[in-house]
Amino acid sequence: MAKEFQQADLSGRNSFHVKQRAARLVEFETAEELRAVFAEGAPARWTVLAGGNNILFTRDYDGLLLTPVSQRIEVLEDDGDRVRVRAEAGVEWDDLVEWAVERELWGIENLSLIPGKAGAAPVQNIGAYGREAKDAIERVEMYCVESGAMLTLDAAHCEFGYRESVFKHALKGRVVITAIEIALTRTPQPHLGYGDVEREVAARGGATLRNIREAIIAIRRAKLPDTSELGNAGSFFKNPVVDLATAERLQAQWPDMPLYPAPEPGKAKLAAGWLIDKAGMKGYRDGRVGVHERQALVLVNHGGATGGEVLALARKVQAAVRDKFGVEIDTEVNIL
Ligand code: EPU
């Protein structure tokens with residue numbers, strides 16, 4: 001049954017823990033419930049608030065927030081090796097990873113401990129340690145607000161990119177994701193190439209699914225603050241993609257600057273965390289907000305901060321990087 005809240009307190013519903021309110025919030029489970037919500041047409045302002053892990057409210061939300069709470073995980077098909085799994089939008093992403101690891105199913109273990117709901121995973125194509133949600137997602141189920149129909153979109157049409165998808169662009173404000181379908185496999189396929197993963201996995205006795213999950217959890221815990229203790233939304237900024245000439249100019253000046261290949265030809269990806277760190281902003285604190293001292297990509301609410309204070313800090317960090325390196329860093333977090 002859908003649950004409705006008026007003047008909903010959002011402080012427990014966003015990982016920054018900012019105290020804003022939403023005029024109306026509906027927790028929904030089924031397409032029928034969504035249909036009822038949109039029966040008289042879409043309200044002037046609405047959006048989906050899933051786990052609230054990638055969102056910054058800078059003011060009260062004067063519209064409708066829709067929160068998926070459906071929890072089912074089911075096997076759609078199992079041919080002995082390849083297993084197709086459907087997870088409803090309200091499943092906690094890391095519960096899905098644990099579910100897969102428990103069953104010895106490979107494919108999403110590198111995405112362990114990413115906060116958020118399964119339904120949000122395709123929106124920004126969550127990624128970590130060399131893997132992205134798009135590597136496993138086959139289809140996305142959604143409710144179409146215009147037509148009231150349920151639609152399924154194949155991954156090929158989701159326009160997945162680095163922290164990007166069609167859900168942030170052409171389909172924004174037009175659909176509500178209700179479930180995802182992922183493909184997993186019993187054939188071991190460890191991806192240990194990123195950073196400290198290989199060493200941490202070896203220290204645990206080798207590349208089993210459980211060891212990979214535990215290694216990644218340990219790496220994340222060491223670097224990223226726990227949202228239940230310190231309000232934050234993971235990486236606040238995306239790693240910037242620049243043209244090769246810019247990358248070469250910067251690397252000539254800072255030979256130790258990390259540089260990654262970008263999917264687009266003639267471009268390279270820089271590490272925003274490194275840029276912020278070298279711009280002197282790591283650990284910077286401004287009243288109730290700050291830049292995390294172990295990971296410069298993460299902005300934190302030290303307690304009681306407003307979304308506006310976090311945003312002002314973000315602008316300061318962007319300016320510091322622009323002044324030192326001439327590079328623009330864009331926000332990864334959805335700012336409302
Ligand atoms: N670095 C610094 N100082 C810092 C942070 C990073 O010098 O304060 C350097 C690191 O030493 C490394 C490079 O910058 O050479 C990259 O850092 P790291 O490996 O920590 O990864 P990242 O690029 O900062 C990305 C994702 C994370 C993801 C990790 C691991 C983005 C914006 N962030 O961070 O995703 O967990 O890789 O794969 O792509 C998130 O999106 O919320 C998130 C946490």
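Cation-pi geometry between Lys278 and Phe325 is not met: the NZ or CZ atom fails to fall both under 6.0 Å from the ring centre and inside 45° of the normal.
Comment: Arg213 does not engage Glu102 in a salt bridge, judged by the lack of any side-chain N to carboxylate O separation of less than 4.0 angstrom. Ion pairing of Glu92 with Lys117 is present here, as a side-chain N (NZ or NE/NH1/NH2) and a carboxylate O approach within less than 4.0 Å. For Glu88 and Arg86, the salt-bridge test passes: some basic side-chain N is under 4.0 Å from an acidic carboxylate O. At a threshold of 4.0 Å, the pair Asp79-Arg82 does not count as salt-bridged, since none of the basic side-chain nitrogens sits closer than that to a carboxylate oxygen. Salt bridge Glu98/Arg210: present, at least one basic N to carboxylate O contact under 4.0 Å.
Distance alone, capped at 3.5 Å, places no donor-acceptor pair between the Glu332 side chain and the Asp330 backbone. Remark: the backbone N or O of Gly127 is paired with a side-chain donor or acceptor of Arg163 at under 3.5 angstrom. At least one donor-acceptor pair closer than 3.5 Å links the side chain of Asn14 to the backbone N or O of Leu10. Of the possible donor and acceptor atoms, one in the side chain of Thr178 sits under 3.5 Å from a partner among the backbone N and O of Glu141. Judged by distance alone, the side chain of Thr58 and the main-chain N or O of Leu336 form a donor-acceptor pair under 3.5 Å. Without hydrogens or angle criteria, Trp93 side chain to Ala120 main chain gives no donor-acceptor distance under 3.5 Å. Side-chain N or O atoms of Asn211 include none that pairs as donor or acceptor with a backbone N or O of Val201 at under 3.5 Å. At distances below 3.5 Å, at least one donor-acceptor pair connects side-chain atoms of His17 with backbone N or O atoms of Thr227. Checking side-chain atoms of Arg35 against main-chain N and O of Gly148 turns up a donor-acceptor pair under 3.5 Å. Looking at Asn334, its side chain never comes within 3.5 Å of a backbone N or O of Ile55 through a donor-acceptor pair.
Proximity of Leu65 to Phe5: side-chain heavy atoms (C-beta onward) are nowhere separated by under 4.5 Å. At least one side-chain heavy atom of Trp46 sits less than 4.5 Å from a side-chain heavy atom of Val145. Side-chain contact between Ile126 and Asn54 is absent, with no heavy atoms from C-beta onward closer than 4.5 Å. In this structure the side chain of Leu66 never reaches within 4.5 angstrom of the side chain of Leu49, judged on heavy atoms. Side-chain contact between Pro240 and Val321: absent, with no pair of heavy atoms (C-beta onward) separated by less than 4.5 Å. Between Ile114 and Arg220 the shortest side-chain heavy-atom distance falls below 4.5 Å. Residues Val37 and Phe28 are not in side-chain contact: their nearest non-hydrogen atoms beyond the backbone lie 4.5 Å or more apart. Counting heavy atoms from C-beta outward, Val123 and Val48 have side chains that stay 4.5 Å or more apart.
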* To do: For Leu25 and Tyr61, run side-chain contact (heavy atoms from CB on, under 4.5 Å): C-alpha distance rounded to whole Å, both residues' side-chain angles, the deciding distance at 0.1 Å, then the answer.
  => CA-CA 10 Å; Leu25 185 148; Tyr61 189 78; over 6 Å; no
* side-chain contact (heavy atoms from CB on, under 4.5 Å) assessment of Asn125 paired with Glu164 -> CA-CA 6 Å; Asn125 180 26; Glu164 282 293 352; over 6 Å; no
* **Trace of the side-chain contact (heavy atoms from CB on, under 4.5 Å) decision for Leu153 with Val166** => CA-CA 10 Å; Leu153 199 64; Val166 72; 3.9 Å; yes
* To do: Show your reasoning for whether side-chain contact (heavy atoms from CB on, under 4.5 Å) applies to Phe236 and Leu56.
  => CA-CA 10 Å; Phe236 197 89; Leu56 178 65; 4.1 Å; yes
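Hydrophobic clustering (ILVMFWY, side-chain heavy atoms < 4.5 Å, transitive): Leu311 and Val317 are in one cluster. Hydrophobic cluster membership is shared by Val298 and Leu230, with clusters built from Ile, Leu, Val, Met, Phe, Trp and Tyr side chains linked at under 4.5 angstrom. One hydrophobic cluster, built from ILVMFWY side chains closer than 4.5 Å, holds both Trp106 and Trp99. No continuous path of ILVMFWY side-chain contacts below 4.5 Å connects Val327 to Leu244, so the two sit in separate hydrophobic clusters. Hydrophobic clustering (ILVMFWY, side-chain heavy atoms < 4.5 Å, transitive): Tyr194 and Ile217 are in distinct clusters.
Remark: Glu214 CD to Ser112 OG distance equals 9.5 Å, nearest 0.5 Å. To the nearest 0.5 Å, atom CG of residue Asn239 and atom CG of residue Leu270 are 8.0 Å apart. In this structure, CZ on Arg139 lies 12.5 Å from NE2 on His157, to the nearest 0.5 angstrom. In this structure, CG in Asn232 is found 9.0 Å from CG in Leu299, a value given to the nearest 0.5 Å. Taking CG from Leu297 and NZ from Lys282, the interatomic distance works out to 9.5 Å, rounded to the nearest 0.5 Å. The CD atom of Glu29 lies 8.0 Å from the CD atom of Gln71; values are rounded to the nearest 0.5 Å.
Closest heavy-atom contact between Pro190 and Ala207: CB-CB, 4.0 Å. Summarising the geometry of Ala262 relative to Val241, their closest heavy-atom pair is CB-CG1, 4.0 Å, with the distance given to 0.1 Å. Here the closest non-hydrogen pair linking Ser235 and Val333 is O-CG2, 3.9 Å. Taking each heavy atom of Gln318 and Ile329 in turn, the nearest pair found is NE2-O, 2.7 Å. Listed here is the closest heavy atom pair of His302 and Val289: CD2-C, 3.8 Å. Across all their heavy atoms, Pro122 and Ile137 have their closest contact at CB-CD1, 3.8 Å.
Between the side chains of Lys316 and Tyr284, at least one donor N or O lies within less than 3.5 Å of an accepting N or O.
A parallel orientation is assigned to the rings of Phe38 and Tyr143, their planes being inclined by less than 30° (bins at 30° and 60°). Taking the six-membered ring where the residue is Trp, Phe160 and Phe167 present tilted rings, their angle falling between 30° and 60°.
No option in Arg84, Arg186, Arg103 other than Arg186 meets the salt bridge (charged side-chain N to carboxylate O under 4.0 Å, His left out) test with Asp78. A side-chain contact (heavy atoms from CB on, under 4.5 Å) with Leu184 is found for one member of Val75, Asp81, Val85 and no other, namely Val85.
Heavy atoms of other residues, nucleotides or ligands lying less than 6.0 angstrom from CD of Gln6 number more than 12. The local environment of NZ in Lys19 is sparse, with at most 12 non-hydrogen atoms from other residues, nucleotides or ligands closer than 6.0 Å.
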